[in-house]
Undergrad: 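Got a structure here, written out as structure tokens. Questions coming.
In listed order, ligands and their atoms are each counted from 1. The structure displayed is predicted, hence computed values, not measured ones.
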Amino acid sequence: MGLGNKLRLNSRMLHRRILYSSARSFTTTEGHRPTIVHKRSLDILHDPWFNKGTAFTMTERDRLDLRGLLPPSVMDSEQQIQRFMTDLKRLEEQARDGPSDPNALAKWRILNRLHDRNETMYYKVLIANIEEYAPIVYTPTVGLVCQNYSGLFRRPRGMYFSSEDRGEMMSMVYNWPAEQVDMIVVTDGSRILGLGDLGIHGIGISVGKLDLYVAAAGINPQRVLPVMIDVGTNNEKLLKDPLYLGLQQHRLENDEYIEVIDEFMEAVFTRWPHVIVQFEDFQSKWAFKLLQRYRSRYRMFNDDVQGTAGVAIAGLLGAVRAQGRPMLDFPKMKIVVAGAGSAGIGVLNTARKTMARMLGNTETAFESAQSQFWVVDAQGLITEGRDNIDPEALPFARKTKEMERQGLKEGASLVEVVREVKPDVLLGLSAVGGLFSKEVLEAMKGSTSTRPAIFAMSNPTKNAECTAQEAFSILGDNIIFASGSPFKNVDLGNGHVGHCNQGNNMYLFPGIGLGVLLSGTPIVSDGMLQAAAECLAAYMSEEEVLKGIIYPPISRIRDITKRIAAAVIKEAIEEDLVGGYREMDARELQKLNEEELMAYVENNMWSPEYPTLVYKDD
Ligand SMILES: NC(=O)C1=CN([C@@H]2O[C@H](COP(=O)(O)OP(=O)(O)OC[C@H]3O[C@@H](n4cnc5c(N)ncnc54)[C@H](O)[C@@H]3O)[C@@H](O)[C@H]2O)C=CC1
Ligand SMILES: CC(=O)C(=O)O
Ligand SMILES: [Mg+2]
């Protein structure tokens, strides 16, 4: 086509567009005649001409299949602009105020915009630069994102089920455009990282975790679904904020709460019977109950309770090996745990089980294992002398008499416990930044271990029990250090470097999810979680652990995830729970040898490559 023709065509198109847009503005300013649209659901939200975002009224949301695709609160356009402007003005403050990378939030915005525009390119960038960008799309920056979510919210991602949707969930789940969903990460926003109740803003954590599912486990991004269940919030600041996007009511409690979660589970498993649901960042009081309620009925697991436990066990076994001792010496380790919530108790239960198994799995083995732990929570050392002890913590409450002999009593402080116990390991899952104070770390100098270990596992960075710099500068380089959010290695001078490990459940949950998906198991068993943890523990070479490197660098996350998935499938085969996946039926799967199994996993991992597209009329 000649240049003249092209220009004429372009000017005709422009003319048509002007006509069309003036027709639109005429109808909208008139206010009575509706604008006819030929699209619904996400298509309308992604169309800048028709999208109103949070301003869609509830009747419009129902008419246009939008229910659940937006946060439940309806805003008028004034409020929308106010929210946008507040956020825009805050950018400068955040740039000074953010986590260790002052530009973290700006980087998140740029990545998020790319995510909205072009998923293939987004995941290509993320996978190729995972070390640099995991701290942006995941902890610590995702914490900051959740804290500012109402301001950052542009385009919805995922689904919102709220207590206002009771009775509607079974139908609204069909508003999600994907025919198949493999992985859901759901939160109720009640305990986001160590940041507490963030209400609807918690959806950011579901999005961040699923980013890792795609990047690390190769789950197809068209088959993931981030979910926020909005049952209200007890965060007073959000309850008073006129720009908050969630329900402005206190959290539902008791049966009312369970009924909402039940309805959600029934709805998603009815539409996608093979989906896997990862529960994320539910406050402890619900985390355990919901896990018990659903784990034998649905393909689900709780990442904070079960994923964290596996990662901690792998790290603890690494810490034993780092002393030049065999893993079987694990039951001799004295471990002080600060924090008895969903994560702390999850770790304690699994660590006790692992020790007991190593000791022969008898009743005495269990008792002996139990005596290796001292648990300190917000009220201090937990002993049997405590009133109203949390039933989950009860098995770890120390005997009063025994503690007296050790010079400790109910409620003893962390520093007192560390001084008296002289533990091999000090592990924090307390969400209290700086809990491992100078005094506590000084007390760790008395550890009877040849190489004490400090696990400051709380997230995000500002909630870490101590920084790497603090641990190494007080205790020297002969320690093992791991933290939930990443720290840079510490230069200790004289060529000595303190190695920082990232002890985060991101090393396990993607592999667990992928293994469960590809095995077709109907449940996630303890054996599968154990197999995943053992696989992670065995991943590091002797040479690496002796250097204090107990977790792989995140650049190897796709490889470790593949191996963990294979270990989970193997365990599913052993437990006779495989159901197969797509054209691989259960019998075929059972016949695969080690190498074939690994190839099967690898071949089913999605990679970000552009497919060839062909247009076909309906
Ligand atoms: N690194 C990782 O992979 C993971 C880290 N976490 C982190 O663990 C932290 C806790 O999570 P949850 O157990 O679900 O929270 P939670 O709120 O249920 O539990 C916190 C526990 O810490 C205790 N605590 C509070 N103040 C304390 C103090 N001064 N001294 C000792 N204990 C104290 C509380 O009594 C409670 O037992 C969060 O920061 C979260 O980000 C959670 C899951 C995975
Ligand atoms: C890592 C994680 O799951 C948490 O901090 O809650
Ligand atoms: Mg979590």
Undergrad: How far is atom 20 (C) of ligand 1 from its nearest protein heavy atom, and which residue and atom is that?
TA: S430 O, 3.8 Å
Undergrad: Tell me whether E534 is salt-bridged to R357, with the criterion being a basic N under 4.0 Å from an acidic carboxylate O.
TA: yes
Undergrad: Against heavy atoms of G484, which atoms of ligand 1 measure under 4.0 Å?
TA: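 Close to G484: 1 (N).
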Undergrad: Out of N459, V311, I192, who gets a non-hydrogen atom closest to atom 2 (C) of ligand 1?
TA: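 Residue with the shortest heavy-atom distance to the ligand atom: N459.
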Undergrad: How are the rings of Y123 and H115 set relative to one another: parallel (under 30°), tilted (30 to 60°) or perpendicular (over 60°)?
TA: perpendicular
Undergrad: Distance-only, no hydrogens or angles: does the Y213 side chain make a donor-acceptor pair with backbone N or O of I184 under 3.5 Å?
TA: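 The answer is no, because no donor-acceptor pair under 3.5 Å joins these two groups.
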Undergrad: What atoms of ligand 1 come closer than 4.0 angstrom to any heavy atom of A340?
TA: 21 (C), 36 (C), 37 (O)
Undergrad: Tell me which N, O or S atom of D304 sits nearest to the Mg ion (ligand 3).
TA: OD1
Undergrad: Once rounded to the nearest 0.5 Å, what's the spacing between atom CD1 of I480 and atom CD of Q323?
TA: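 It comes to 8.0 Å.
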Undergrad: Under 4.0 Å from a heavy atom of G503: which atoms of ligand 1 are those, numbered in the order shown and with their elements?
TA: 1 (N), 2 (C), 3 (O)
Undergrad: I need the I564 CD1 to I560 CD1 distance, nearest 0.5 Å.
TA: 4.0 Å
Undergrad: Relative to the heavy atoms of Y138, which atoms of ligand 2 are at a distance of less than 4.0 Å?
TA: 1 (C)
Undergrad: State the atoms of ligand 1, each with its element, that fall below the 4.0 Å cut-off from a heavy-atom position in A343.
TA: 12 (P), 13 (O), 14 (O), 42 (C), 43 (C)
Undergrad: Looking only at protein heavy atoms, identify the closest one to atom 19 (O) of ligand 1 and say how far it is in Å.
TA: G341 CA, 3.3 Å
Undergrad: So, taking the atom named CD1 in I550 and the one named CG in L317, what distance separates them when rounded to the nearest 0.5 Å?
TA: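 Between atom CD1 of I550 and atom CG of L317 there are 10.0 Å.
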Undergrad: What atoms in ligand 2 come closer than 4.0 Å to a heavy atom of D304?
TA: 2 (C), 3 (O), 4 (C), 6 (O)
Undergrad: Is the Mg ion (ligand 3) less than 2.8 Å from an N/O/S atom of D303, whether that atom is in the backbone or a side chain?
TA: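 False for D303.
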Undergrad: For ligand 2, which atoms sit closer than 4.0 Å to a heavy atom of K209?
TA: 1 (C), 2 (C), 3 (O)
Undergrad: So, applying salt bridge (charged side-chain N to carboxylate O under 4.0 Å, His left out) with D197, which one of R191, R251, K237 is it?
TA: R251
Undergrad: So, 4.0 Å and heavy atoms of N504: is ligand 1 close enough to count as a contact?
TA: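 For ligand 1, residue contact (heavy atoms, under 4.0 Å) with N504 is present.
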Undergrad: For the atom pair CG (L475) and NZ (K445), what is the distance rounded to the nearest 0.5 Å?
TA: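 Going from the CG atom of L475 to the NZ atom of K445 covers 7.0 Å.
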Undergrad: Atoms of ligand 1 less than 4.0 Å from D304 heavy atoms?
TA: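 Listed by number with element, the hits are 42 (C), 43 (C).
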Undergrad: Pull out every atom of ligand 2 sitting under 4.0 Å from any heavy atom of N505, numbered as shown with elements.
TA: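 So the atoms of ligand 2 that pass are 1 (C), 2 (C), 3 (O).
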Undergrad: Looking only at protein heavy atoms, which one is nearest to atom 11 (O) of ligand 1, and what is the separation?
TA: R191 NE, 3.5 Å
Undergrad: R191 near ligand 2, heavy-atom distance under 4.0 Å?
TA: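 For ligand 2, residue contact (heavy atoms, under 4.0 Å) with R191 is present.
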Undergrad: Do me a favour and list the nearest non-hydrogen protein atom to atom 9 (C) of ligand 1 with residue, atom name and distance?
TA: S458 OG, 3.6 Å
Undergrad: At under 4.0 Å between heavy atoms, which part of D303 makes contact with ligand 2: side chain, backbone, both or neither?
TA: side chain
Undergrad: For L290 versus M300, what's the shortest heavy-atom pair and its separation?
TA: O-CE, 4.3 Å
Undergrad: Run T187 and E280 through side chain to side chain donor-acceptor pair (under 3.5 Å) and show every step you take.
TA: CA-CA 5 Å; T187 185; E280 191 66 47; over 6 Å; no
Undergrad: Return yes when N504 approaches ligand 2 closer than 4.0 angstrom through a heavy atom, no otherwise.
TA: yes
Undergrad: Does some non-hydrogen atom of N463 fall short of 4.0 Å from ligand 1?
TA: no
Undergrad: What atoms of ligand 1 come closer than 4.0 angstrom to any heavy atom of V376?
TA: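 Ligand 1 atoms under the 4.0 Å threshold to V376: 31 (C), 32 (N).
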Undergrad: State the atoms of ligand 1, each with its element, that fall below the 4.0 Å cut-off from a heavy-atom position in S284.
TA: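 Matching atoms, with element in brackets: 16 (P), 18 (O).
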Undergrad: Determine, for R419 against E439, whether the closest basic-nitrogen to carboxylate-oxygen distance falls under 4.0 angstrom.
TA: yes
Undergrad: Please confirm whether L435 comes within less than 3.5 Å of ligand 1 when only nitrogen or oxygen atoms on both sides are compared.
TA: no
Undergrad: Give the residue, atom name and distance (to 0.1 Å) of the protein heavy atom nearest atom 5 (C) of ligand 1.
TA: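 It is M457 O, 3.2 Å.
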Undergrad: Under 4.0 Å from ligand 2, counting heavy atoms only, is it the side chain of T308, its backbone, both or neither?
TA: neither
Undergrad: Are E280 and ligand 2 in contact, using a heavy-atom cut-off of under 4.0 Å?
TA: yes
Undergrad: Counting from 1, what ligand 1 atoms have a heavy atom of A431 closer than 4.0 Å?
TA: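 Answer, ordered by atom number: 9 (C), 38 (C), 39 (O).
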Undergrad: Mind listing the closest non-hydrogen atom pair of L536 and P552 along with its distance?
TA: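 Scanning both residues, the minimum pair turns out to be CD1-CD, 4.0 Å.
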Undergrad: List the steps and the verdict of ring-ring contact (aromatic ring centres under 6.0 Å, His included) for Y244 and H201.
TA: CA-CA 9 Å; Y244 175 58; H201 297 185; 5.4 Å; yes
Undergrad: Considering only N, O or S atoms, which atom of D281 is nearest to the Mg ion (ligand 3)?
TA: OD1
Undergrad: Give the residue and atom name of whichever protein heavy atom lies nearest to atom 10 (C) of ligand 1, and the separation in Å to one decimal.
TA: L429 O, 3.4 Å
Undergrad: From the N, O or S atoms in E280, identify the one nearest to the Mg ion (ligand 3).
TA: OE2
Undergrad: What protein heavy atom sits nearest atom 3 (O) of ligand 1, and how far away is it?
TA: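 Protein heavy atom with the smallest distance to atom 3 (O) of ligand 1: N505 N, 2.8 Å.
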Undergrad: List the atom of F330, the atom of A351, and the distance in Å for their closest heavy-atom pair.
TA: CE2-O, 3.9 Å
Undergrad: Would you mind checking if D377 and R386 are paired as a salt bridge, meaning a charged N to carboxylate O distance below 4.0 Å?
TA: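 The answer is yes: the pair qualifies as a salt bridge.
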Undergrad: How does I205 reach ligand 2, if at all, at less than 4.0 Å between non-hydrogen atoms: by side chain, backbone, both, or neither?
TA: neither
Undergrad: Measure across V336 and V421 and return the closest heavy-atom pair with its distance rounded to 0.1 Å.
TA: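 Smallest interatomic distance, heavy atoms only, reads CG2-CG1, 4.2 Å.
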Undergrad: Supply the atom-to-atom distance L238 CG to L198 CG, rounded to the nearest 0.5 angstrom.
TA: 7.0 Å
Undergrad: What's the spacing between S437 OG and L414 CG if we round to 0.5 Å?
TA: 7.5 Å
Undergrad: Which option wins on minimum heavy-atom distance to atom 35 (O) of ligand 1: G344, A378, G310?
TA: A378
Undergrad: Starting from atom 5 (O) of ligand 2, locate the nearest protein heavy atom and write down its residue, its atom name and how far away it is, to 0.1 Å.
TA: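 Here the nearest protein heavy atom works out to N459 ND2, 2.8 Å.
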Undergrad: Does ligand 1 come near enough to T308 that some N or O of the ligand is less than 3.5 Å from an N or O of the residue?
TA: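 Such a contact does not occur with ligand 1.
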Undergrad: Decide yes or no for P452 and P423: does some side-chain heavy atom of the first lie under 4.5 Å from some side-chain heavy atom of the second?
TA: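 In short, these two side chains do not touch, never coming nearer than 4.5 Å.
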Undergrad: How far is atom 14 (O) of ligand 1 from the closest protein heavy atom, and which atom is that?
TA: S342 OG, 2.6 Å
Undergrad: Parallel, tilted or perpendicular: which one describes the rings of F472 and F481, with boundaries at 30° and 60°?
TA: tilted
Undergrad: Any donor-acceptor pair under 3.5 Å linking the side-chain atoms of Y122 with those of N112?
TA: no
Undergrad: Would V432 count as a contact of ligand 1 if the rule is a heavy atom under 4.0 Å away?
TA: yes
